[in-house]
Amino acid sequence: MSTLLRPVKSDFVPSLRLQRALALVLLICQGGITVTGSIVRVTGSGLGCNTWPQCHEGSLVPVEGAAPLVHQVIEFGNRLLTFVLVAAVIAVFVALRQAQRRRELLAYALISGFGVILQAVIGGMSVLLDLRWWSVALHFLPSMALVWVAALLFIRVSEPDEVEPVRAYPRAVRISAVVAACALVVVLVTGTMVTGAGPHAGDAEAGMTGRLDVDIDLMAHIHGYLMYAYLFFTFITVVLLYQRKASDEAKRTGLILLGMIVIQAGIGIAQYRLGVPRWSVPMHIAMSSVVVAFTAFLYALGMRRRLAEPAPEAAPTTARVGRE
């Protein structure tokens with residue numbers, strides 16, 4: 001085993017409950033930072049710190065008069081949350097190493113750690129590029145991938161290491177779940193394009209400079225139709241779960257996911273009808289993370305590691321003889 005993956009010598013062995021709690025914290029943090037990022041956007045605070053990695057030239061922290069104070073506080077605060085994410089990743093990784101968990105789980109933690117660092121760099125580049133729409137989209141989409149990885153970790157961490165994974169529902173259901181997940185990817189990509197053409201540039205002074213030059217009404221409709229397609233494929237997946245007698249856990253997760261997609265669609269429709277009010281954007285972003293997480297949950301439940309259930313004990317021979 002490599003030095004990085006070798007457990008640190010210590011008498012403390014994190015319980016499974018603690019490992020799962022830390023994985024949940026990481027998942028919440030991965031989704032939460034996308035929400036604070038959307039608050040940066042809708043308040044026009046994206047260039048409250050106008051350079052990176054410093055906040056302003058020659059200063060790591062906000063500078064009085066360099067930009068409106070509220071914009072500096074919001075943008076700088078969002079940057080500081082990166083350290084919260086780093087702490088969450090480290091806590092998960094150390095707990096998994098101490099418990100000597102399998103490499104799959106450690107890989108999820110490592111991907112999360114490198115992903116957070118990469119996201120910080122992409123975020124800095126988007127600032128240096130004056131928040132051009134495609135740079136902001138590149139900042140958002142990896143966050144959704146990291147939510148997916150954290151969701152897989154949350155599901156997998158409770159599974160025993162000593163058994164091999166087995167198929168928990170039929171191949172047809174898994175294929176349907178993969179198709180639904182692919183549809184979600186397209187929905188997320190077109191969502192960034194709607195945002196890129198929309199009214200919230202991310203900075204109060206940016207105007208439409210660097211924005212996506214497309215018909216936003218058409219782009220919003222394309223995004224909406226793709227959301228319906230994603231909902232349809234997810235519905236088919238849930239129907240198959242019931243037809244093929246999948247586990248109650250998978251069926252319950254599928255139903256919750258359907259509900260979350262309907263809520264997300266409702267928020268999107270309300271945004272369109274109301275002209276994309278500022279308060280609606282963080283709600284829509286938050287639900288994006290929820291939908292991605294539950295889509296990952298449903299996918300992960302297709303392959304499970306479970307200890308074999310003990311066979312039921314045979315009835316005593318004496319009782320059988322007594323009835324003869």
Side-chain angles (χ1 to χ4, degrees), residues 16-17 19-24 26-28 30-31 92 96 101-105 107-109 111-112 144-188 225-266 286-313:
L16 183 59
R17 183 176 181 179
Q19 295 172 49
R20 189 171 172 83
L22 291 174
L24 178 59
L26 176 59
L27 175 57
I28 293 172
Q30 291 286 24
V92 169
L96 295 175
R101 300 303 306 273
R102 62 187 184 274
R103 288 177 177 269
E104 175 195 11
L105 303 180
Y108 288 144
I111 291 170
S112 297
M144 293 295 98
L146 291 176
V147 168
W148 179 281
V149 171
L152 293 182
L153 175 60
F154 178 70
I155 290 291
R156 299 295 187 217
V157 75
S158 61
E159 298 176 347
D161 297 334
E162 62 271 20
V163 297
E164 292 298 318
V166 296
R167 195 179 303 281
Y169 52 63
R171 182 178 179 82
V173 184
R174 192 164 179 83
I175 291 174
S176 181
V178 170
V179 171
C182 291
L184 173 59
V185 171
V186 180
V187 170
L188 291 172
Y225 294 146
L226 289 169
M227 171 64 81
Y228 292 137
Y230 166 53
L231 176 60
F232 172 76
F233 288 126
T234 303
F235 176 75
I236 294 299
T237 302
V238 174
V239 169
L240 289 173
L241 286 172
Y242 277 85
Q243 285 184 342
R244 304 301 176 87
K245 294 182 172 58
S247 68
D248 291 339
E249 184 181 25
K251 290 186 286 190
R252 182 170 59 252
T253 301
L255 288 176
I256 293 173
L257 175 57
L258 283 176
M260 295 300 101
I261 296 172
V262 170
I263 292 173
Q264 176 72 318
M287 285 305 301
S288 294
S289 293
V290 172
V291 168
V292 168
F294 273 92
T295 302
F297 291 161
L298 187 58
Y299 170 80
L301 292 175
M303 296 291 289
R304 297 290 268 162
R305 295 171 183 260
R306 289 196 180 96
L307 293 173
E309 296 181 2
E313 295 182 3

Enquirer: Are the side chains of S289 and Q30 in touch, meaning some heavy atoms are under 4.5 Å apart?
Expert: no
Enquirer: Is there a side-chain contact between L105 and V92, using heavy atoms and a 4.5 Å cut-off?
Expert: no
Enquirer: Which residue pairs pass the salt bridge (charged side-chain N to carboxylate O under 4.0 Å, His left out) test with at least one member in residues 163-173, sequence neighbours excluded?
Expert: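 Counting only pairs at least two positions apart or across chains, no salt bridge (charged side-chain N to carboxylate O under 4.0 Å, His left out) contact touches residues 163-173.
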Enquirer: Please find the pair of heavy atoms, one from V147 and one from V292, that lie closest to each other, and give the distance.
Expert: CG1-CG1, 4.0 Å
Enquirer: Could you report the tightest heavy-atom contact between S176 and L240, atom names first, then the distance?
Expert: CB-CD1, 3.9 Å
Enquirer: If we only count heavy atoms from C-beta on, is the T234 to L184 side-chain gap below 4.5 Å?
Expert: no
Enquirer: Could you go step by step and tell me if V157 and L96 meet the side-chain contact (heavy atoms from CB on, under 4.5 Å) rule?
Expert: CA-CA 9 Å; V157 75; L96 295 175; 3.9 Å; yes
Enquirer: May I have the step-by-step check of side-chain contact (heavy atoms from CB on, under 4.5 Å) for L26 and L22, ending in yes or no?
Expert: CA-CA 6 Å; L26 176 59; L22 291 174; over 6 Å; no
Enquirer: Just wondering, do L153 and V149 contact through their side chains at under 4.5 Å, heavy atoms?
Expert: no
Enquirer: Ignoring hydrogens, what is the shortest heavy-atom contact between T237 and A180? Give both atom names and the distance.
Expert: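 Scanning both residues, the minimum pair turns out to be OG1-CB, 4.4 Å.
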Enquirer: Using a 6.0 Å distance limit plus a 45 degree cone around the ring axis, check whether R20 lies over the aromatic ring of F154.
Expert: yes
Enquirer: Report the residues that fulfil side-chain hydrogen bond (donor to acceptor under 3.5 Å, both in side chains) with S288, sequence neighbours left out, ordered by chain and then residue number.
Expert: Q264
Enquirer: Using side-chain hydrogen bond (donor to acceptor under 3.5 Å, both in side chains) as the criterion, list what pairs up with R304, not counting sequence neighbours.
Expert: E159, E249
Enquirer: Are R156 and R102 side-chain neighbours, meaning at least one heavy-atom pair lies under 4.5 Å?
Expert: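 A side-chain contact under 4.5 Å exists here.
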Enquirer: Just to verify, what does Y108 make a side-chain hydrogen bond (donor to acceptor under 3.5 Å, both in side chains) with, not counting sequence neighbours?
Expert: E104
Enquirer: Among all residues two or more places apart in sequence or in another chain, which pass the side-chain hydrogen bond (donor to acceptor under 3.5 Å, both in side chains) test with R252?
Expert: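 Scan of R252 (side-chain hydrogen bond (donor to acceptor under 3.5 Å, both in side chains), adjacent residues dropped) gives none.
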Enquirer: Do you know the tightest heavy-atom contact between Y169 and A246?
Expert: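 Distance-wise, the nearest heavy atoms are CB-CB, 3.9 Å.
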Enquirer: Which pair of heavy atoms, one from L27 and one from A293, lies closest together, and at what distance?
Expert: CD1-CB, 4.3 Å
Enquirer: Anything under 3.5 Å between a donor and an acceptor, one on a side chain of residues 294-303, the other on a protein residue two or more places apart or in another chain? List them.
Expert:
{"residue": "T295", "atom": "OG1", "partner": "Y230", "partner atom": "OH", "Å": "2.6"}
{"residue": "T295", "atom": "OG1", "partner": "V291", "partner atom": "O", "Å": "2.7"}
{"residue": "Y299", "atom": "OH", "partner": "R174", "partner atom": "NH2", "Å": "3.2"}

Enquirer: Taking it one step at a time, do K245 and K251 satisfy side-chain contact (heavy atoms from CB on, under 4.5 Å)?
Expert: CA-CA 9 Å; K245 294 182 172 58; K251 290 186 286 190; over 6 Å; no
Enquirer: Would you please name every residue forming a side chain to side chain contact (heavy atoms under 4.5 Å, CB included) with I263, sequence neighbours left out?
Expert: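 Side chain to side chain contact (heavy atoms under 4.5 Å, CB included) list for I263, sorted by chain: M260, I267, M287.
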Enquirer: Between D161 and R101, does a side-chain contact (heavy atoms from CB on, under 4.5 Å) hold up when you go through it step by step?
Expert: CA-CA 7 Å; D161 297 334; R101 300 303 306 273; 2.8 Å; yes
Enquirer: What residues form a side chain to side chain contact (heavy atoms under 4.5 Å, CB included) with L231, not counting sequence neighbours?
Expert: L258, I261, V262
